[in-house]
*Asks:* 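Submitted below is the structure of interest, expressed as structure tokens.
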Protein chains: 2
Amino acid sequence: MISGVATLDDVARRAGVSTATASRIINGSSKPVSAALRDRVEAAVADLHYVPNAHARQLARSERTAVGVVVHDVSDPYFAEITRGLQRVATTDGRLVIICNTYRDPARELDYVELLRAHQVAAMVLAGSGYHDAGFARALRGKLRAYELTGGRVAVIGRHDRTGDAVVPDNEAGGYLAGEHLYALGHRDVGVIAGPRNLTTTTDRLTGVRRAARSHHRPPPKVAYADFDRDSGARATADLLAAHPRLTAIAALNDSMAVGALAHLRGVDRRISVIGFDDMPIARDVTPALTTIRLPLADMGALAMSLALSPPSPHPRVERVPAELIARESTFPLDATLSVRP
Amino acid sequence: MISGVATLDDVARRAGVSTATASRIINGSSKPVSAALRDRVEAAVADLHYVPNAHARQLARSERTAVGVVVHDVSDPYFAEITRGLQRVATTDGRLVIICNTYRDPARELDYVELLRAHQVAAMVLAGSGYHDAGFARALRGKLRAYELTGGRVAVIGRHDRTGDAVVPDNEAGGYLAGEHLYALGHRDVGVIAGPRNLTTTTDRLTGVRRAARSHHRPPPKVAYADFDRDSGARATADLLAAHPRLTAIAALNDSMAVGALAHLRGVDRRISVIGFDDMPIARDVTPALTTIRLPLADMGALAMSLALSPPSPHPRVERVPAELIARESTFPLDATLSVRP
DNA sequence: CTTTCCCAGGAAAGCGCTTACCTGGGGAGG
DNA sequence: CCTCCCCAGGTAAGCGCTTTCCTGGGAAAG
């Protein structure tokens with residue numbers, strides 16, 4: 001009863017049994033125990049408000065029970081959605097999940113991987129990683145490899161230069177779908193609001209848009225870089241429009257930035273098509289309702305967690321997730337755009 | 001080196017020192033150690049990819065380091081915002097935060113409190129609790145009390161029948177503000193889209209709206225109950241309008257439901273004022289931009305975490321957080337409403 | 001009334017780490 | 001050249017729990 005916290009010893013002493021017996025009763029061991037002792041131990045547990053020390057138990061059992069998740073930021077709707085899926089399957093499996101926010105800081109990401117390993121997690125899933133930085137990539141690969149060598153399981157969401165289980169959304173195809181949609185509507189001058197340059201999500205989606213431009217025999221779209229959030233999207237839209245007044249359509253590489261673009265456009269009274277990416281819940285509630293490329297984020301999270309919790313397979317499993325066009329009201333034919341300008 | 005995981009023993013053996021020395025070097029203890037040994041130990045750590053077992057360390061040090069957070073659901077924007085604030089101060093304090101989602105299941109909430117206690121967290125903060133259920137409340141109080149008796153700190157966000165540190169938003173005043181705004185605009189028939197009946201958040205806000213009705217000598221507003229999410233809000237709006245065709249204004253008790261209301265209204269072509277609650281990021285991006293009652297959610301989270309991390313005070317500290325009206329475009333005078341109906 | 005077997009319950013050895021305490025050998029002082 | 005002191009480094013005792021192995025006594029069998 002050091003520092004006021006009741007221990008198994010306290011319980012055993014109070015019930016007049018050995019710690020072995022108390023432990024068996026508390027854990028519902030299969031070993032038979034007389035009803036009298038059971039009652040006494042249970043009474044002691046209740047009286048002392050005893051709760052077993054999870055660390056001591058973990059140490060003694062030396063089995064890994066929790067799982068770790070490292071993402072950019074759970075508060076961000078994109079990751080919130082992924083996390084929802086992750087949690088669902090982790091909880092179903094009776095596991096505690098430890099969530100770590102990196103805020104896109106590579107150093108922090110490395111630290112968290114180590115911290116999770118120190119906490120003996122059974123598995124970890126990484127999302128929103130995948131920076132274009134050779135040094136970081138090597139360090140991360142090293143840490144993950146070390147973790148896997150000791151029996152840890154890891155699954156990654158998104159493209160990664162690492163071989164291992166992964167869930168990878170088809171961002172390139174999604175980007176193509178977005179561009180294709182715009183060019184097919186007759187737009188000739190398309191702008192792109194991109195995310196941070198060093199993320200593969202950005203480059204993959206952008207590559208897709210560019211491919212669409214090529215296949216329609218158009219020059220590469222103009223690109224402005226932003227931060228995947230609403231306000232930076234609004235700013236980038238303003239910049240892009242100022243620099244290229246002839247644009248009639250904008251592909252934002254995620255919905256948050258698309259919403260920002262819409263907000264900016266509302267202010268300047270220009271009728272420009274906007275397409276987003278991800279199909280976040282907000283997409284259908286803005287006006288005009290946002291045309292976007294849907295990714296089944298929650299499912300991706302769930303899938304990644306099941307991969308991470310399943311026994312390792314000799315060949316890394318890579319689940320490709322297709323993107324899908326959701327046409328709503330924020331995109332329209334070039335004709336419609338022009339007819340409005342008198 | 002059981003099961004492939006390197007232990008301190010392995011490191012010490014490889015470096016040819018005792019575990020005590022290895023431990024001192026790894027932890028940067030103040031005790032002086034020769035440079036030669038230091039190098040050897042550091043090399044061994046690197047070679048073996050050694051990471052100290054957090055559970056063993058925690059057990060040996062028996063100091064509490066992590067903190068726990070129990071909320072309804074981190075993916076929900078309301079709690080995401082609160083969590084963002086919480087994390088900020090916890091991380092600044094160098095603490096691991098364990099997030100638990102209850103999905104409004106009281107049993108799960110109780111379990112999580114126990115689990116966090118088992119994990120020896122230094123503090124926990126509860127948000128989105130506060131059900132009207134005497135049995136649950138008693139059980140929760142008991143568990144929290146037991147935890148505090150052993151030196152644990154707890155802070156609560158929202159009204160609670162428990163005495164202890166808390167940050168409580170002034171939901172009643174906010175509700176009044178919402179109602180007052182609507183009645184002052186000339187509306188005579190106001191409807192309320194409420195959240196789950198058993199939450200104090202719902203009842204407090206509702207009480208406020210009712211008070212506004214009384215002070216304007218109007219009968220109590222008609223109420224439809226929903227679940228604090230968008231779709232239930234849309235459904236409740238439909239029901240309410242069907243039952244009371246003369247309504248000209250709706251107060252939704254959170255923004256998600258207000259957005260649902262707006263979505264429904266868009267379909268039925270009726271010009272009705274809608275006010276929300278919380279001022280979530282989405283509020284300014286829907287059309288019409290949502291008038292709402294702002295609560296500084298991230299700050300509330302931060303405040304709660306600082307309370308929880310500060311030394312206990314003899315008198316429980318209760319921080320009241322004021323609500324503020326943010327007028328945007330979704331509410332307008334009754335005249336405007338009527339003039340549109342030909 | 002013995003002997004054998006069985007089983008409820010206890011003793012004790014760890015799990016991996018930290019740390020209070022002890023030890024031995026070298027440098028300084030006599 | 002001998003003491004004494006000092007300090008780098010080691011020894012070992014836990015931290016709170018689980019679990020293997022052992023024990024003793026009662027029931028069953030002779």
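The chains referred to below are lettered A, B, ... by the order of the sequence lines, with proteins before strands, and numbering in each begins at 1. Computed from a prediction, not measured in an experiment: that's the story for all the values here.
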*Asks:* A:Val17: which residues meet the side-chain contact (heavy atoms from CB on, under 4.5 Å) condition with it, sequence neighbours left out?
*Replies:* A:Ala12, A:Ala15, A:Thr21, A:Ala22, A:Leu37, A:Arg40, A:Val41

*Asks:* Restricting to side-chain contact (heavy atoms from CB on, under 4.5 Å), what partner residues turn up for A:Asp9, sequence neighbours left out?
*Replies:* A:Thr7, A:Arg13, A:Thr19

*Asks:* To the nearest Å, give me how far apart CG (B:Leu37) and P (D:dA8) are.
*Replies:* 11 Å

*Asks:* With sequence neighbours excluded, tell me which residues meet side-chain contact (heavy atoms from CB on, under 4.5 Å) with A:Asn27.
*Replies:* A:Ser23, A:Arg57, A:Arg61

*Asks:* Between D:dG9, C:dA8, D:dC17, spot the one nearest the side chain of B:Ser34, thanks.
*Replies:* D:dG9

*Asks:* Starting at CD1 of A:Ile25 and ending at P of C:dG10, how long is that distance when rounded to a whole Å?
*Replies:* 9 Å

*Asks:* With sequence neighbours excluded, what pairs up with B:Asp133 under the salt bridge (charged side-chain N to carboxylate O under 4.0 Å, His left out) test?
*Replies:* none

*Asks:* For B:Thr7 and C:dG16, is the shortest distance between a side-chain N/O and OP1 or OP2 below 4.0 Å?
*Replies:* no

*Asks:* Under the salt bridge (charged side-chain N to carboxylate O under 4.0 Å, His left out) test, which residues partner B:Arg153, sequence neighbours left out?
*Replies:* B:Asp165

*Asks:* Whole angstroms only, please: what is the CG-P distance between B:Leu8 and D:dT11?
*Replies:* 14 Å

*Asks:* Let me check the geometry of the helix from C:dC1-D:dG30 to C:dG30-D:dC1. What is the bend angle between the axes at its two ends, five pairs each, to 10°?
*Replies:* 50°

*Asks:* Just how far, in rounded Å, is P of C:dG16 from CG of B:Asp10?
*Replies:* 9 Å

*Asks:* Under 4.0 Å between a side-chain N or O of B:Asn53 and OP1 or OP2 of C:dC15?
*Replies:* no

*Asks:* Which residues satisfy the salt bridge (charged side-chain N to carboxylate O under 4.0 Å, His left out) test with B:Asp76, sequence neighbours excluded?
*Replies:* none

*Asks:* If I take atom CZ in residue A:Arg40 and atom P in nucleotide C:dG9, what distance separates them, rounded to the nearest angstrom?
*Replies:* 9 Å

*Asks:* List for me each residue that meets side-chain contact (heavy atoms from CB on, under 4.5 Å) alongside A:Ala43, sequence neighbours excluded, and say none if there are none.
*Replies:* none

*Asks:* Can you check the A:Leu59 CG to D:dT18 C1' distance for me, whole Å?
*Replies:* 10 Å

*Asks:* Take the protein atom CG of A:Asn27 and the nucleotide atom C1' of D:dT19, then report the distance between them rounded to whole Å.
*Replies:* 11 Å

*Asks:* What pair of heavy atoms forms the shortest contact from B:Ile26 to B:Pro52, and how long is it?
*Replies:* CG2-CG, 4.4 Å

*Asks:* Could you check which residues of residues 112-122 of chain A get a heavy atom under 4.0 Å from DNA chain D? Sort them by number, please.
*Replies:* none

*Asks:* Who are the side chain to side chain donor-acceptor pair (under 3.5 Å) partners of B:Ser310, not counting sequence neighbours?
*Replies:* B:Arg317

*Asks:* Return the polar atom pairs (N/O with N/O) between nucleotides 19-26 of chain C and the protein under 3.5 Å, or none.
*Replies:*
residue: C:dA20; atom: N6; partner: B:Arg24; partner atom: NH2; Å: 2.9

*Asks:* Taking salt bridge (charged side-chain N to carboxylate O under 4.0 Å, His left out) as the test, write out the residues that go with A:Asp299, two or more places apart.
*Replies:* none

*Asks:* How close do B:Asp10 and B:Val5 get, counting heavy atoms only, and between which atoms?
*Replies:* OD2-O, 3.9 Å

*Asks:* Checking the side chain of A:Ser62 only, and the main-chain atoms of A:Leu59 only, is there a donor and an acceptor separated by less than 3.5 Å?
*Replies:* no

*Asks:* From CD1 of A:Ile26 over to C1' of D:dT19, roughly how many Å is that when rounded to an integer?
*Replies:* 15 Å

*Asks:* On DNA chain D, does the nearest nucleotide to B:Pro32 precede the nearest nucleotide to B:Ser62 from the 5' side, or the other way round? Give the residue.
*Replies:* B:Pro32

